[in-house]
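A short write-up of the structure that comes next.
Naming convention: chains lettered A, B, ... in sequence-line order (proteins, then strands); numbering from 1 in each chain.
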Number of protein chains: 2
Amino acid sequence: MESLLRYFDMLCLIPKAPNSISTPEILEKLQNMRYAVDLRTVQRDLVKLSASPLFPIANTENTKPLRWFWIDNSSPMQLPMMSTDEALTFKLAEMFLEPLLPPSVRGRLTGYFDLADKRLKESKFEHWIEKVGVVPNNLPLLPAEIEPSVLAVVYEALLKSLRFKATYQAVNKSPKTYEINPLGLVFRHNSIYLVATIFDYTDVKQLALHRFKDAELSDRVVLVPTDFVLNDYITQGSFSYPVDNHLEEITLKLKVNVFLKQVLLETPLCAKQKISDIDEKHYLLEAIVTNTEQLHWWLRSFGTGIEVLEPLELRQAFALEVKALSKMYC
Amino acid sequence: MESLLRYFDMLCLIPKAPNSISTPEILEKLQNMRYAVDLRTVQRDLVKLSASPLFPIANTENTKPLRWFWIDNSSPMQLPMMSTDEALTFKLAEMFLEPLLPPSVRGRLTGYFDLADKRLKESKFEHWIEKVGVVPNNLPLLPAEIEPSVLAVVYEALLKSLRFKATYQAVNKSPKTYEINPLGLVFRHNSIYLVATIFDYTDVKQLALHRFKDAELSDRVVLVPTDFVLNDYITQGSFSYPVDNHLEEITLKLKVNVFLKQVLLETPLCAKQKISDIDEKHYLLEAIVTNTEQLHWWLRSFGTGIEVLEPLELRQAFALEVKALSKMYC
DNA sequence: TATAAAAACGTCCAATTTTGTCGCATTGAT
DNA sequence: ATCAATGCGACAAAATTGGACGTTTTTATA
């Protein structure tokens, strides 16, 4: 029994394909875990485990301290097994993430999605896919593709707080190589932006990940500008979203049609939202929300389905906009 | 070694907490897998495994064929271990799914999100969360909550093609109990709809999952109406989304401002999209897209930022709408 | 209620597996 | 060239495993 646990811990110590661990390292870690074992035993165990098709591990045959790793692209095995509930939810998540995440990011989860597929298949629930549909409520734009190797370096640099060297091609410019001092990642309409400083300058820049041509990790540590907090940086309007550079709670009063009344009954704007009748076809909606650019987009998107009553400033802003639109379309 | 594999397969046979498997059943399945073992061995092994804190499995102590299951909702263990890349991607997925999936649905993945957290923590990458942000491009509405037990029954009914009995409360009506003949699930603005027929009627209904009070699986098999295909049902406009009840490819010509030009350069409307200059501040965008209600929402949401030039019918529709809006806001 | 079958559990003991040790070959660094 | 580290084969001692059998408890059936 003791040995079973040791096998398990040993398998946990072995990393996935690009990485590896040497036999002596495994021995050391096992001994730290209070396993009194010999190096010879570890060697034998590894050979035994790798012989089984259940554990696709292999070693670098030409190096002398042999290095062990899991042969990749195999979906992970897990205990307890993925339930059909979970499997189905994974497939739903995949459908939702499809238009949101660039393939290279989503690709890091394919092992799990495959596992879910396998699970549903072996349970003879193959026909589930014909029974599920998603009707998106926003226009699916094509996510910009990111060079997978760039993504890997950026991830690692952020996690380990290290700088990296990269070639970046700004719009309509020729590619240039910089040393990037990464501060954070921001996802914004299907694109990923790296918030960073460059070389030893102190001004914070936004760099679209899909415009990097290549990247290579450096060993210099990241220098965070004093008082820099990513969340503050975002809400300060650096991504030009919040209205008037500050977030304000407003009491919204809208006149909405039947369709929107129905939508908002099911998915409210806020927890304390109120809906009352105005006439047969129109309803008064009251809710407290933050006044963001997203709110404005949402309000505009329904056209004549929504009339903004209050706050007055918002109504006036919409009135002005409608005038401008009238001129546009004559 | 043989025994290690048997232990592994045995652990795979044991289901998660609400479900269970009896010792003789395990024996039978193991023998089907060509393990020549004695019942006594299986019993001993199960006791040994459950003694280890690594494998939180337990049995029902009062029944006589003992039934085994994995205890609690602890996060699954997996081999090979989740890489930090995967862990980070899981956390990103969680951020994206937060406003999209109702908690009871998302809840089925918390084990994995927790695992990702654990992984990031033990790798000393605890500060990653301060380094990642999401700027949503649509207004987050509150997803309607669904009774978890209802969701479980609906999932199971759909997977196993069984009917279920449920109490449903339509808007402004008192709850009633029906026998539901489920055909499919559709996700639509953060709500989940069950497409189904009721009793032995043949008309297809849409039932919001969050309006079910309770549900109980029946043993009657689902009867699919002849020619019913969920995807056709959706695209036929049953969810009132596609324009004019049919999907049409149109060549869109838009006059857009700098902001939108930038957005569309990064996340195009379609693969063959063209952008050219009109004047210093405006750009001509040409793309082939399907003419859906979502497209109209998207076009409207930018207000004066977009002027629809072609197709002419669309321009005229927008012109009419602007006139109506003018009247609304005087 | 009686009876039989099934399952759990304790124990013994032989067969098997595991593991430490030693010796030797190979590799890489100093 | 030399030394330390590693891999690997062999062997024997130690530990574990797993079948056999018996007893007790529970469940199903007549």
Side-chain angles (χ1 to χ4, degrees), chain A residues 1-15 17 19-71 79, chain B residues 1-15 17 19-71 79:
Chain A
M1 201 59 217
E2 169 90 356
S3 61
L4 172 66
L5 298 183
R6 200 186 59 236
Y7 288 134
F8 231 92
D9 282 321
M10 214 157 73
L11 287 169
C12 285
L13 290 174
I14 301 173
N19 301 311
S20 63
I21 187 171
S22 72
T23 321
E25 282 173 316
I26 296 179
L27 174 67
E28 194 198 325
K29 298 215 173 185
L30 283 177
Q31 286 176 336
N32 289 343
M33 293 181 193
R34 314 277 175 173
Y35 288 108
V37 280
D38 195 82
L39 177 62
R40 187 72 191 92
T41 304
V42 176
Q43 292 172 347
R44 270 189 295 233
D45 289 347
L46 284 165
V47 172
K48 267 192 287 185
L49 287 172
S50 63
S52 160
L54 238 177
F55 310 107
I57 59 175
N59 59 27
T60 54
E61 289 172 28
N62 42 355
T63 64
K64 204 50 193 197
L66 291 178
R67 303 194 65 85
W68 294 86
F69 52 88
W70 286 83
I71 301 171
L79 294 172
Chain B
M1 201 57 215
E2 169 88 357
S3 63
L4 173 64
L5 297 183
R6 199 185 58 235
Y7 287 132
F8 230 92
D9 282 323
M10 211 157 74
L11 287 170
C12 286
L13 290 174
I14 301 172
N19 302 311
S20 62
I21 186 170
S22 73
T23 320
E25 280 173 316
I26 295 179
L27 174 68
E28 194 198 325
K29 298 214 173 186
L30 283 177
Q31 286 176 336
N32 288 343
M33 293 180 193
R34 316 278 175 173
Y35 288 109
V37 281
D38 195 81
L39 176 63
R40 186 71 191 94
T41 305
V42 177
Q43 292 171 348
R44 271 188 294 235
D45 289 348
L46 284 165
V47 172
K48 268 192 286 185
L49 287 172
S50 63
S52 159
L54 237 176
F55 310 107
I57 58 175
N59 60 26
T60 54
E61 289 172 27
N62 42 355
T63 64
K64 210 46 196 198
L66 260 48
R67 302 194 67 83
W68 294 86
F69 53 88
W70 287 82
I71 316 172
L79 293 173

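- Not counting sequence neighbours, the partners of Thr63(B) by the side-chain hydrogen bond (donor to acceptor under 3.5 Å, both in side chains) test are Thr60(B).
- In summary, of the residues considered (Leu46(B), Asn19(B), Asn59(B)), a side-chain contact (heavy atoms from CB on, under 4.5 Å) with Ile14(B) occurs for Leu46(B) alone.
- Rounded to an integer number of Å, the gap from Met10(B) CE to dG18(D) C1' is 13 Å.
- At a threshold of 4.5 Å between non-hydrogen side-chain atoms, the residues Leu13(B) and Met33(B) count as touching.
- Nearest-nucleotide assignment on DNA chain C puts the 5′-proximal partner with Ser22(B), out of Ser3(A) and Ser22(B).
- If you check residues 37-57 of chain B against DNA chain C, the residues with a heavy atom closer than 4.0 Å are Arg40(B), Gln43(B), Arg44(B), listed by number.
- Terminal axes of the helix from dT1(C)-dA30(D) to dT30(C)-dA1(D) (five pairs each, C1' rotation axis) are separated by 50°, to the nearest 10°.
- Annotation: the span from Ile26(B) atom CD1 to Ile21(B) atom CD1 amounts to 5.0 Å, rounded to 0.5 Å.
- Residues that satisfy the side chain to side chain contact (heavy atoms under 4.5 Å, CB included) test with Leu27(B), not counting sequence neighbours, are Gln31(B), Val37(B), Leu39(B), Val42(B).
- Residue Arg6(A) is in sugar-phosphate contact alone, with no base atom involved, counting any heavy-atom pair closer than 4.0 Å across all strands shown.
- For Ser50(B), the side chain to side chain contact (heavy atoms under 4.5 Å, CB included) criterion is met by Ile57(B), Trp68(B), not counting sequence neighbours.
- Phe8(A) is linked by a ring pair (Phe, Tyr, Trp, His ring centres under 6.0 Å) to Phe8(B), Phe55(B), counting only residues two or more places apart in sequence or in another chain.
- Across the protein-nucleic acid pair, Leu66(A) atom CG and dA5(D) atom P stand 17 Å apart, rounded to whole Å.
- On the nucleic acid side, DNA chain C contacts chain A at distances under 4.0 Å to non-hydrogen atoms, with the end points of that region at dT18(C) to dT27(C).
- For Ser20(A), the side chain to side chain contact (heavy atoms under 4.5 Å, CB included) partners are Arg67(A), Phe69(A), not counting sequence neighbours.
- Per the geometry, OH belonging to Tyr35(B) stands 14 Å off P belonging to dG19(D), to the nearest Å.
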Please write out the pairs of protein N or O atoms and N or O atoms of nucleotides 12-15 of chain D separated by less than 3.5 Å, giving the distance to one decimal.
none

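- With sequence neighbours excluded, no residue satisfies salt bridge (Lys or Arg N to Asp or Glu O under 4.0 Å) with Glu28(B).
- The side-chain hydrogen bond (donor to acceptor under 3.5 Å, both in side chains) contacts involving residues 33-42 of chain A comprise Asp9(A)-Tyr35(A), Arg40(A)-Gln43(A), where partners must be two or more places apart or lie in separate chains.
- For Gln31(B) and dG18(D), the CD to P distance is 14 Å, given to the nearest whole Å.
- The salt bridge (Lys or Arg N to Asp or Glu O under 4.0 Å) test applied to Lys29(B) returns no partner, not counting sequence neighbours.
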